[in-house]
Amino acid sequence: MIDFFFDVDGTILPFGCPVPESAVKAIRKIREKGHRAFLATGRSIAEVQDAILSIGFDGGVFSAGAHVVAGEKTIFRCAMTPEEKDVLLSYCRKKGLYIFAQTENGTYVSPEAFEYWKKALRKYTGSEVALASIIISESIPEDAEIIKLLYLAKHAELEDVRNELGPMFSVVNNTVGLPSYMMGEIMMAGVTKATGIDCIVRYFGDSLSSTAAFGDGSNDVEMIEHAGLGIAMGNASDDLKAVADWVAPRVDEDGLSAGIEYVLDTIGS
């Protein structure tokens, strides 16, 4: 049995587009053969649309590793401590960064930030990324448990944000196609998609050598390096391609189905 892990944006589907039918058929085919399929995405579970979930998965790694689900059971969940939350929100406000605060129930974003984000996506990618459970709000509730945060800015160099936040957090480039100086993802240090894969492998008693991970962005680097086979999409960032075992065609060229066939041929059908 192989455990497959799939990123969403840029891997299962092109940004702002429906899921290619070839990807739907390929994922359903591996499950029919007795393999398991999991999502491994930076999205919170609340942000994943029904059109994606309805493909059929055995669970997933959400919020880049902060929330892990096997079947319908949460097997790992890690929210920011009050101290981490205060440090992060204070930093973003001081720097004038727009905030997208992921919680288990939805992502809080101000009306101004949401409009700026949509405008930036149209400018740089020509499309918009559809997310479920966006909560338009001028403020984040005091009791909201943040599991991941994305920031958006007119100009904030990624390396500067990473250095200024220090070792408490991990900062990676955004995966929605915006310039790195405009948007980044902030996770708690030590939480990655790779640690999420380990949770699932341990839960099912499987072997890491029989895992395959598919991705396209900087927040996929750890899992592509960690999995038994790491597949980068043809549209992936250069840093991800550099650590991948194989580079598939682009997501809009039926790359996911080609990557799945490569894994089946390599590890076994």
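Ion pairing between a basic and an acidic side chain is recognised when a charged N comes within 4.0 Å of a carboxylate O; Lys29 and Glu32 show no such pairing. Taking a cutoff of 4.0 Å between a charged side-chain nitrogen and a carboxylate oxygen, Arg77 and Glu145 qualify as a salt bridge. Glu157 and Arg162 are not joined by a salt bridge, as no carboxylate oxygen comes within less than 4.0 angstrom of a charged side-chain nitrogen.
With sequence neighbours left out, Asn174 forms a side-chain hydrogen bond (donor to acceptor under 3.5 Å, both in side chains) with no residue at all. Residues satisfying the side chain to side chain contact (heavy atoms under 4.5 Å, CB included) criterion with Lys94, sequence neighbours excluded, are absent altogether. Here Pro111 pairs with Ile136, Glu138 under the side chain to side chain contact (heavy atoms under 4.5 Å, CB included) rule; sequence neighbours left out. In terms of the side chain to side chain contact (heavy atoms under 4.5 Å, CB included) criterion, residue partners of Ser133 (sequence neighbours excluded) are, by chain and number, Ala46. Under the side-chain hydrogen bond (donor to acceptor under 3.5 Å, both in side chains) criterion, Tyr181 pairs with Tyr124, sequence neighbours left out. A search for side chain to side chain contact (heavy atoms under 4.5 Å, CB included) contacts involving Ala258 returns Pro249, not counting sequence neighbours. Looking at residues two or more places apart in sequence or on another chain, you find no ring pair (Phe, Tyr, Trp, His ring centres under 6.0 Å) involving Phe76. Judged as a side-chain hydrogen bond (donor to acceptor under 3.5 Å, both in side chains), and not counting sequence neighbours, Asp86 has no contacts. Every residue two or more places apart in sequence or in another chain that forms a side-chain hydrogen bond (donor to acceptor under 3.5 Å, both in side chains) with Tyr98 is listed here: Glu112.
Counting only distance, with no hydrogens or angles, the side chain of Lys193 and the backbone of Ser63 share no donor-acceptor pair below 3.5 Å. Asp9 places no side-chain N or O within 3.5 Å of a backbone atom of Val176 that could act as its donor or acceptor partner.
Here the closest non-hydrogen pair linking Leu149 and Cys92 is CD2-SG, 4.0 Å.
For residues 234-248, the set of pairs meeting the salt bridge (charged side-chain N to carboxylate O under 4.0 Å, His left out) definition, not counting sequence neighbours, is empty.
Residues Thr11 and Asp216 bring a donor and an acceptor atom of their side chains to less than 3.5 Å of each other. Between the side chains of Ser22 and Asp254, at least one donor N or O lies within less than 3.5 Å of an accepting N or O. Judged by distance alone, the side chains of Thr107 and Glu47 do bring a donor and an acceptor atom under 3.5 Å apart.
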Please table the atom pairs, donor to acceptor, closer than 3.5 Å between any side-chain atom in residues 222-233 and protein atoms at least two apart or in another chain.
residue : atom : partner : partner atom : Å
His226  : NE2  : Asp198  : OD1          : 2.7
His226  : NE2  : Asp198  : OD2          : 3.1

Atom pairs and distances, side-chain donor-acceptor, residues 13-21, under 3.5 Å, sequence neighbours left out:
none

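Using cut-offs of 30° and 60° on the angle between ring planes, the pair Phe62 and His67 is tilted.
The six-membered or imidazole ring of Phe214 lies near that of Phe6, with a centre-to-centre distance under 6.0 Å.
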Please determine whether side chain to side chain contact (heavy atoms under 4.5 Å, CB included) holds for the pair Val161 and Tyr151, giving the CA-CA distance in whole Å, both sets of side-chain angles, and the decisive distance to 0.1 Å. CA-CA 10 Å; Val161 175; Tyr151 69 86; 3.7 Å; yes

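A 4.5 Å side-chain heavy-atom check between Val221 and Val172 finds every atom pair outside the cut-off.
Within 6.0 Å of NZ in Lys118 there are more than 12 heavy atoms belonging to other residues, nucleotides or ligands.
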